[in-house]
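Right, one structure below, let's go through it.
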Amino acid sequence: MNVLDQLKARFGTALPEGADRSAFSAAVRPATDSKFGDYQANGCMGLAKSTGKKPRDLAAEIAGAVDLAPIAGTPEVAGPGFLNVRLDDGWIAGALGELLNDDRLGLVAPAKRKTIVVDFSSPNVAKPMHVGHLRSTVIGDSLARILAAAGHRVIRDNHLGDWGSQFGMILWGWKNARDEAAFASDPVGELARLYRMVAKRIRNGETAVEEAARQETAKLHAGDPENRALWDRFMPHCLGALRGLYDRMGVSFDVWLGESFYDPRLASVVEDLQKKGMAVESEGATVVFVEGIKAPFIVRKSDGAFTYATTDLATIQYRMETWKPDQMLYVVDSRQADHFKQLFAVARMWGHDAIDMQHVAFGTIMGADRRPFKTRDGDVVGLESLLDESAVEAYKVVQENSPDLDPEEQRRVAVVVGMGAIKYADLCQNRVSDYVFDWQKMMAKNGNTGTYLQYAYARTQSIFRKGETTPEAIRAARPTIFLTHPAERAIAVKLLRLPEVIELASEDLKPNILTDHLFDLANAFSTFYEECPVLKAESTERRESRLALCDLTGRTLKFGAGLLGIDVVDRM
Ligand code: ARG
């Protein structure tokens, strides 16, 4: 059950006539400090104006009118007009007792089950994936998992860039500088080499190469048999390499509908826009103007080529026909903000106005020098080598912190720690900000890191091993939960928050709401572990109650980590 929603609903029925319910409800939140109780309603200050009453009087009036039983007693009026809510200990204990045997950890179906397309990762194939693709992949995967856990139908779509100018560059490179033997032994490596070579020549101002590569792209789009055959030959290798990386990262998709898939639809998209009077000719190109935005949205260039924009319009049309989604999320670098603003505006003008389209933007990963993360030679950091390095770095951490594990086990744990550290470091950020990539920080054993989360989980499991019992045995015993120690109560209140946290993270599309919560829970567990003896508790009842808290904490941390795409291990 969602405690926050319950409280909001109860307050909603106790507000005076004419009060702005949604504003009041938005100001009901978990308390920032446990001195103020467990939840707070801070909406009385806002209501004061519209009702003509003093905030404190209003708060007293609402406190008298609201019925929070059995969840909580009468809220306390504090400060200028805050309402502090303290959950009832008996109620918490009962709710936890139920949670103990609930596989869903209290999650409930959403009020409305939405169909949501998550467009994420979407790399441009034929050039190797690099660190820039990490964020879309990690954030998109986590959001897809969170939305599914919240009860929505999620379609994970990898909108590959498999039809763009980079393919023309490779085609030109292939025709002019290929190394067949290299291609035979390492096809993706050879294609990457060709891509880099051509990109460099274009960067160095070789306009003839640029023009020739552009023509190769145009020929591919026009159906030139040689270029199509090469495309068919290269693609399986590119896809294979991507699959390997995704497997390693534990990321999957429901569909891989790349740009090439939409090619047959592009001409009719432009025709339709023209027929509807939306698209006009401008300097030889076909464009759509959007109110309030100066730059035209180009759907066909003067040379007749369709664009990234045309493809995105065709994609929206296809998704609407195929899945009728309620929401479409684009997990893409914030530098594409202008493109998406225009795209959404044009799509709405085109008739797709009922769907909620959102650009889930994110910032850049920076190096220690606070500039975009590069290797020492100034190249972008390849994703493959980054993942390799994570295991090496994590191995050091594991050796130091878990000297009791045998080396084989240490290596296995290091892979899990390394991947967890990379993902967590990305997800715990406010996604629109840039962040600095720092192995040491992201694998700190204490702090808001994946490593800390994984250690906290392992600790919950080691208690069961030491106590020679199992979580299953404790669940089956259905112990009474005691909340006499403040540290027990603090964990309990956090355990009950999981459903609301997942709902908030899905509404705001922010995985960091979940990481913050898991960090809080891990911290509360650490205090509990120091202050409350579990295996040496004063009685069997107390021991079982505390073991139940360990079990619930462990399950919540593991489930939460799972929603971040992060694995845990029982022993580290
Ligand atoms: N391939 C693009 C890039 O690497 C991202 C595509 C995002 N999705 C979309 N529907 N435009 O920049």
Side-chain angles (χ1 to χ4, degrees), residues 116-141 143-144 154-170 191-192 195 199 217 221 231 235 238-239 241-242 245-246 251 253-263 265-266 269 288 297-299 306-323 325 327-348 350 352 355-365 372-373 380-383 431 509:
I116 304 172
V117 176
V118 186
D119 177 323
F120 75 105
S121 196
S122 311
N124 294 331
V125 300
K127 45 185 187 184
M129 275 232 254
H130 59 80
V131 65
H133 299 113
L134 187 67
R135 298 209 75 183
S136 176
T137 307
V138 169
I139 296 172
D141 177 55
L143 285 177
V154 176
I155 295 147
R156 300 159 158 259
D157 187 357
N158 194 358
H159 186 81
L160 292 173
D162 58 359
W163 205 235
S165 56
Q166 86 280 3
F167 240 103
M169 288 157 70
I170 289 181
L191 293 180
Y195 173 79
T217 313
H221 291 179
W231 189 88
M235 273 306 281
C238 302
L239 293 179
L242 285 177
L245 266 172
Y246 291 133
V251 171
F253 299 90
D254 298 306
V255 288
W256 295 55
L257 296 178
E259 294 175 5
S260 63
F261 175 79
Y262 299 99
D263 182 65
R265 294 179 160 248
L266 302 181
V269 167
V288 181
F297 197 58
I298 303 174
V299 291
F306 299 113
T307 66
Y308 184 54
T310 331
T311 305
D312 260 333
L313 285 171
T315 305
I316 291 175
Q317 184 187 56
Y318 174 84
R319 288 176 182 161
M320 292 310 289
E321 286 168 14
T322 312
W323 302 298
Q327 202 176 35
M328 250 187 252
L329 306 177
Y330 294 82
V331 187
V332 185
D333 194 303
S334 52
R335 281 170 286 202
Q336 292 191 30
D338 288 342
H339 166 73
F340 286 109
K341 212 187 274 162
Q342 282 182 304
L343 173 67
F344 300 161
V346 173
R348 278 193 291 271
W350 198 24
H352 300 294
I355 177 172
D356 174 18
M357 291 175 276
Q358 294 201 41
H359 176 203
V360 181
F362 52 80
T364 308
I365 304 181
F373 194 35
V380 281
V381 179
L383 203 47
R431 62 178 158 70
L509 304 170

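Just so you know, residue 1 is the first one in the sequence shown, and it goes up from there. As the structure lists them, so they are numbered: ligands from 1, and atoms in each ligand from 1.
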field: Shortest non-hydrogen contact between Leu313 and Trp350, atoms and distance
entry: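 Residues Leu313 and Trp350, closest heavy atoms: O-CZ3, 3.4 Å.
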- request: Give me the one residue out of Phe120, Phe253, Tyr262 that meets side-chain contact (heavy atoms from CB on, under 4.5 Å) with His159.
  value: Tyr262
message: Go through it in stages, so that I can follow the logic: the residues are Trp256 and Leu242, the test is side chain to side chain contact (heavy atoms under 4.5 Å, CB included), and I'd like the CA-CA distance, side-chain angles, deciding distance and then a yes or no.
response: CA-CA 11 Å; Trp256 295 55; Leu242 285 177; 4.3 Å; yes
Only counting residues at least two apart or in another chain, list the ones meeting side-chain contact (heavy atoms from CB on, under 4.5 Å) with [X].
X: Asp356; value: Gln327, Gln358
X: His359; value: Val332, Ala337, Phe340, Phe344, Ala361
X: Ala241; value: Val188

statement: The answer, listing residues by chain and number that come under 4.0 Å of ligand 1 through any heavy atom, is Asp119, Ser122, Asn124, His159, Tyr308, Asp312, Tyr330, Val332, Gln336, Phe340
